[in-house]
Amino acid sequence: MEVLYSSTRDSSKKVTASQAILKGLSDDGGLFVPDHIPSLECSMQELAGKSYQEVAYEVMKLFLTDFTQDELRGCINRAYDSKFDTEVIAPLVEAEGTYYLELFHGSTIAFKDMALSILPHLMITSAKKNHVENEIVILTATSGDTGKAALAGFAGVEGTKIIVFYPKNGVSPIQEKQMVTQKGDNTCVVGIHGNFDDAQTGVKALFNDKELAQKMAARGQQFSSANSINIGRLVPQVVYYVYSYAKLLEEGRIEDGEKINVVVPTGNFGNILAAFYAKNMGVPINKLICASNENKVLYDFFMTGKYDRNREFVLTSSPSMDILVSSNLERLIYRIAGEDAQKNANLMAALSQEGCYEITGQMKEQLADFYGNYADEKETAGRIKSMYKNTGYILDTHTAVASAVYQKYVAGTGDRTTTVIASTASPFKFTRNVMNAIDGKYDSMSDFELVDELSGIGNIAVPNAIEEIRTAPVVHNNVCDKTEMKEAVMRFLGIGS
């Protein structure tokens, strides 16, 4: 059955999957959502014996219904190949009776690789399907990981350019080095004086800038997005939740039909929304546990039904979650609003104008699948230390937030359901915070000395993504104020003011 997409703010206009992928963001500022969430056609028993690539096809074909079998299989096979350092793509590792779904085995050692390895192929295929001859300009804001994963995916891809904005002092040293050393004439990286929300707000404003769009069109260019707001990012993320259940079943860890819990460290809400979509496709998921750091806007939302970004922005050791405006939550709001686009648009207008909105009691009742909690900096560091001391397994800061929240969930509910925790980044991305959590004696070491020390104490090889940037020269020195983002874009694209 064909799946069409419409905006969360205007459900009257329908587009195909390829059109939604190309546009990224709807003209009205809304996000594209499927007109229904399709049910899996294969049983979990059938999926249990399949490779990651085969599971990806079985899931993605149901959402991307205007792609031919050859087109979709081609995209999948080009994405999930030797760029990943393990054939299984997303291994499940047991530690303390819980399963960590390692989503960091791609070329930039973070979960963003799972979707951004395939997005360029989906986008180029979409352009051909829709006879688009314009150059596609990817415009994205990053809180640390999306930027490098998108740069790696699009660098050198013919017919594209990519511009990434990041908060200059809001990412880890390793994350920044990964971005500013990126090669490729079609790439541009810009640090802004501001936080991630400033970068994301600026990018949305550029997408909605009609004058800029006209100037770009005259040059044969058009914007698209690699942020998690792009449906071409969200659909591939659904895959690994289906895959993790199938793997648990294949390994005899659960019985067919037995429910599992899923814990996701959450910033922009895309990763946990993908788990929600997997549940609605038929994966037996019980609770969706939303883990926040000290920027606990989502925890407060799940507790009260009020979303309020009017608060202090906290820089934490888990910077990819340092977010006060969780863009993908809009897709869930639209759903619990009964797919009432006007109702959702009103709530988003309130968020934009007043910085907050409150859902009705009836809408809040539909959030029963979710549990929200948060871990502060001390709890996050403590979890890294205790996990290493007890098992030798090393968590990155984001996964540690999720693990600490899961402990709170079990303590509060007594629920011992088999649980999968999304492990969203390699500890090598956040070496200083990880190593200081394990032992304060490491504080005087340089970042790359810490890399080698982590490798030694964890008995794990240093990933290629880190080795490559040890001595790589800085290619991108661009820094601007958050009010100067448009000028930075126009300079890179060669557009006169």
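Since we're looking at a predicted model, the values are computed, not measured. Sequence positions, counted from 1, serve as the residue numbers for this chain. Scope of the values below: all heavy atoms of this structure, side chains included, with no hydrogens, waters or symmetry mates.
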_Side-chain donor/acceptor of R309 to backbone N/O of S326, under 3.5 Å_ = no
Query raised in the report: Centres of the F370 and F276 rings: under 6.0 Å?
Result: yes
Exercise. Do other residues, nucleotides or ligands put more than 12 heavy atoms under 6.0 Å from the NZ atom of K482?
Worked result: no
Residue set satisfying ring pair (Phe, Tyr, Trp, His ring centres under 6.0 Å) with F223, at least two apart, ordered chain then number -> F207
### Query
Is there a donor-acceptor contact under 3.5 Å linking the side chains of N195 and D197?
no
Exercise for review: Report yes or no: do Q178 and K429 form a side-chain donor-acceptor pair below 3.5 Å?
Suggested key: yes
Got a donor-acceptor contact below 3.5 angstrom from the Q182 side chain to the M179 backbone? no
Query raised in the report: For D481 and H193, does a side-chain donor sit closer than 3.5 Å to a side-chain acceptor?
Result: no
Self-check item: Sidechain-backbone polar pair: T146 side chain, T142 backbone, donor-acceptor under 3.5 Å
Solution: no
Shortest non-hydrogen pair, N230 vs S225, comes out as ND2-O, 2.7 Å
(message) Is the terminal nitrogen or CZ of K306 (NZ for Lys, CZ for Arg) located under 6.0 angstrom from the six-membered ring centre of Y357 and within 45° of that ring's axis?
(response) no
Smallest heavy-atom separation, L40 atom then L62 atom, equals CA-CD1, 3.9 Å
**Prompt:** Under 3.5 Å, is there a donor-acceptor pair between the side chain of D66 and the main chain of T16?
**Reply:** no
Side-chain donor-acceptor pair under 3.5 Å between N77 and Q53, yes or no?
no
| request: Assess whether atom CZ of F301 is packed by more than 12 heavy atoms of other residues, nucleotides or ligands within 6.0 Å. | output: yes
Exercise. Cut-off 3.5 Å, side chains only: do D452 and S455 have a donor facing an acceptor?
Worked result: no
So Y277 and F63, would you call those rings parallel, tilted or perpendicular, with 30° and 60° as cut-offs? parallel
* Asked: Are R470 and F448 in a cation-pi setup, meaning NZ or CZ lies under 6.0 angstrom from the ring centre and within 45 degrees of the ring axis?
  -> no
Separation between CG (N271) and CD (Q237), nearest 0.5 Å, reads 5.0 Å
Any sub-3.5 Å donor-acceptor pair from T399's side-chain atoms to D396's backbone N or O?
no
Only one of L151, T181, T187, V190 passes side-chain contact (heavy atoms from CB on, under 4.5 Å) with H476, and that residue is T187
Count the heavy atoms belonging to other residues, nucleotides or ligands that lie under 6.0 Å from CG of D185, then report whether that count exceeds 12. no
Review point. Just by modelled atom types, is the I109 backbone N or O under 3.5 Å from a matching donor or acceptor in the D113 side chain?
Key: yes
Do F430 and H398 make the cut of ring centroids closer than 6.0 angstrom?
yes
- Are a donor atom and an acceptor atom from the side chains of S318 and T397 found within less than 3.5 Å of each other? no
On a heavy-atom basis, the closest approach of G147 and V164 is CA-CG1, 3.7 Å
| Is there a donor-acceptor contact under 3.5 Å linking the side chains of E176 and Y166? | yes
Heavy-atom nearest pair, F84 first then A79, reads CE1-O, 3.5 Å
> Just checking, any donor-acceptor pair under 3.5 angstrom between side chains of K129 and S18?
Replying inline: no
Without hydrogens or angle criteria, can the side chains of E330 and T8 be said to hold a donor-acceptor pair below 3.5 Å? yes
Practice prompt. Can you establish whether the number of heavy atoms outside K13 located under 6.0 Å from its atom NZ is more than 12?
Written response: no
Closest heavy-atom pair, T108 versus K148, reported as atoms and distance to 0.1 Å, is CG2-CG, 3.5 Å
Checking Q221 against N134: is there a side-chain donor and acceptor pair closer than 3.5 Å?
no
May I ask you to check whether S228 and N328 show a side-chain donor-acceptor distance below 3.5 Å? yes
Open item on the list: Between N268 and Q200, is there a side-chain donor-acceptor contact under 3.5 Å, judged purely by atom types and distance?
Closed with: yes
query: Taking everything shown except E87 itself, do over 12 heavy atoms lie less than 6.0 Å from its CD?
result: no
Distance-only donor-acceptor check, side chains N433 and S317, under 3.5 Å: no
*Has the side chain of R78 got a donor or acceptor atom that lies under 3.5 Å from a matching backbone atom of I118?*
no
Check: Does one side chain, of T316 or D322, offer a donor that lies under 3.5 Å from an acceptor on the other?
Finding: yes
OH (Y334) and CG (N344) are apart, to the nearest 0.5 Å, by 8.0 Å
